[in-house]
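Computation of the quantities below employed the complete heavy-atom set of this structure, encompassing side-chain atoms and omitting hydrogens, waters and symmetry-equivalent molecules. We're numbering straight along the sequence, starting at 1.
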Amino acid sequence: MNKLLSAVIFSLSAQTAGAADLFNGRDFSGWELQTTPAAAIEDAFRMLPDGVIASTGKPSGFLATRQTYGNYRLHVEWRWSGKPGNGGVLLHISPGTFDRVWPVSLQVQTKNGNAGDLLPMAAASFDETLTSKPGAEPRIKAHTAADSEKPVGEWNACDILSRDGVVEVTLNGVPQNRVSHAIPASGRIGFQLEGTPYELRNVMLTPLD
């Protein structure tokens, strides 16, 4: 089976049997917002018709599940609702010293032009070599295939597999990144606010435990 077909099957499986939407479509029960300055969830996110979640992209910080996850498949669809900018999906948010407003976590980058990069945030780590220069911040392992982000305004599909410290990222059917021995290997899941409005839908998680 070729890589593209495997990625398509993986994407479809994330939306079928066993998958649950992390947003209930009514409110933000089960989620909490941590920003600087402090804000209410309703100041930064809104529920729109058809299961779309709109973010203002500010203030700086993140929205996170209250529940923790370890082994799972995660399917996330996002698009820029205006001018493209910066954002990311945070995996395995865990207690520890923050890097500015960012918690210990592994970021799947959705920044326009860099979607699919992986960033160990704060004290997080993985075995693979970074592509950013030694000592540079942020620390980055760039995506490995050609840019597969859709044109601005179109929906992107990101599929993430997390299993026993291995994290694999597929973007719009194209495998883009893989790391092993990720630390932390489990934790909460979240979405960054980095100044740019965006929209989410079909945030589906399939537990693998």
Side-chain angles (χ1 to χ4, degrees), residues 22-23 28 31-48 52-66 74-94 96-126 130-133 136-143 147-160 167 169 171-172 176-177 179 182 184 187-203:
L22 293 183
F23 292 96
F28 292 95
W31 294 82
E32 60 183 13
L33 185 70
Q34 186 158 352
T35 60
T36 303
I41 291 179
E42 293 74 19
D43 295 332
F45 289 88
R46 290 182 299 133
M47 291 282 183
L48 302 181
V52 174
I53 299 98
S55 172
T56 62
K58 55 186 181 181
S60 296
F62 59 96
L63 178 72
T65 61
R66 294 183 183 275
L74 177 65
H75 177 86
V76 175
E77 296 177 18
W78 94 92
R79 69 178 177 185
W80 302 110
S81 50
K83 184 178 179 180
N86 205 350
V89 182
L90 299 180
L91 310 177
H92 309 159
I93 298 169
S94 299
T97 302
F98 275 46
D99 175 7
R100 296 161 295 161
V101 297
W102 310 124
V104 177
S105 57
L106 181 65
Q107 179 190 166
V108 178
Q109 183 73 270
T110 61
K111 180 180 179 181
N112 184 239
N114 299 92
D117 291 359
L118 283 172
L119 286 67
M121 309 294 285
S125 65
F126 45 71
L130 299 172
T131 55
S132 52
K133 294 181 179 179
E137 292 291 342
R139 296 173 292 152
I140 299 170
K141 182 181 181 293
H143 58 280
D147 187 5
S148 59
E149 184 178 358
K150 297 261 184 94
V152 175
E154 294 186 19
W155 286 102
N156 294 280
C158 183
D159 290 285
I160 299 163
V167 175
V169 178
L171 181 61
N172 295 319
Q176 286 288 11
N177 228 320
V179 295
R188 299 186 295 151
I189 291 170
F191 297 95
Q192 288 183 304
L193 296 94
E194 293 198 75
T196 308
Y198 62 87
E199 294 178 347
L200 297 168
R201 71 177 185 186
N202 295 331
V203 181

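Here the side chains of D43 and T56 are not in contact, with every heavy-atom distance at 4.5 Å or above. Side-chain atoms of S60 and T36, non-hydrogen and from C-beta on, never get closer than 4.5 Å to each other. Contact of the R201 side chain with the F23 side chain is not registered, since no non-hydrogen atoms from C-beta on lie closer than 4.5 Å. Here the side chains of V76 and L200 are in contact, with some heavy-atom distance below 4.5 Å. When side chains are defined from C-beta on, S55 does not count as touching F191, because their heavy atoms never get closer than 4.5 Å. Contact annotation: the side chain of T35 never approaches that of V101 to less than 4.5 Å [non-hydrogen atoms, C-beta and beyond]. Looking only at side-chain heavy atoms (C-beta outward), L48 and E199 come within less than 4.5 Å of each other. You'll find the side chain of L90 stays beyond 4.5 Å of the side chain of I189, heavy atoms only.
When all heavy atoms of L171 and G116 are compared, the closest pair comes out as CD2-N, 4.4 Å. Annotation for L33 and L193: closest pair CD1-CD1, 3.9 Å, computed over non-hydrogen atoms. For F98 against F62, the heavy-atom pair with the smallest separation is CE2-CE2, 3.7 Å. The heavy-atom pair separating A182 from F126 by the smallest distance is CA-CB, 4.1 Å. G153 and R79 make their closest contact through O-CD, 3.4 Å (heavy atoms, listed as atom of the first residue, atom of the second, distance).
A donor-acceptor pair shorter than 3.5 Å can be found between the side chains of E77 and N202. One side chain, D159 or H75, offers a donor N or O that lies under 3.5 Å from an acceptor on the other. With 3.5 Å as the limit, one finds a donor-acceptor pair spanning the side chains of E194 and N86.
For the pair T110 (side chain) and G87 (backbone), a donor-acceptor distance under 3.5 Å is present. The main-chain N or O of P84 is never found under 3.5 Å from a side-chain atom of N112 such that the two would form a donor-acceptor pair. Using modelled atom types, no side-chain atom of W80 and backbone atom of E154 make a donor-acceptor pair closer than 3.5 Å. No donor-acceptor pair closer than 3.5 Å links the side chain of S105 to the backbone N or O of H92. Under a 3.5 Å cut-off, the side chain of R139 and the backbone N or O of A122 do form a donor-acceptor pair. Proximity of a side-chain donor or acceptor of E149 to a complementary backbone N or O of N156 within less than 3.5 Å is not detected. Between the side chain of S94 and the main chain of G187, no donor-acceptor pair closer than 3.5 Å is present. Using modelled atom types, one side-chain atom of S132 and one backbone atom of I140 make a donor-acceptor pair closer than 3.5 Å.
Here the CG-CD distance, from L63 to Q34, works out to 11.0 Å after rounding to the nearest 0.5 Å. Considering CG of L119 and CD of Q107, their distance stands at 5.0 Å, rounded to 0.5 Å. Distance check, rounded to the nearest 0.5 Å: CD1 of I53 to CD1 of I41 gives 12.0 Å. Atom CH2 in W102 sits 6.5 Å away from atom CE in M121 (nearest 0.5 Å). Between atom NZ of residue K141 and atom CG of residue L130 there is a gap of 9.0 Å, rounded to the nearest 0.5 Å.
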Assess whether side-chain hydrogen bond (donor to acceptor under 3.5 Å, both in side chains) is satisfied between N177 and H143, documenting all intermediate values. CA-CA 5 Å; N177 228 320; H143 58 280; over 6 Å; no

Given L74 and L22, is the side chain to side chain contact (heavy atoms under 4.5 Å, CB included) satisfied, shown in steps? CA-CA 10 Å; L74 177 65; L22 293 183; 4.2 Å; yes

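Partner of P184 under the side chain to side chain contact (heavy atoms under 4.5 Å, CB included) criterion, out of I93, L106, V104: V104 alone.
A cation-pi contact, defined as under 6.0 Å to the ring centre and within 45° of the axis, is absent between R66 and W31.
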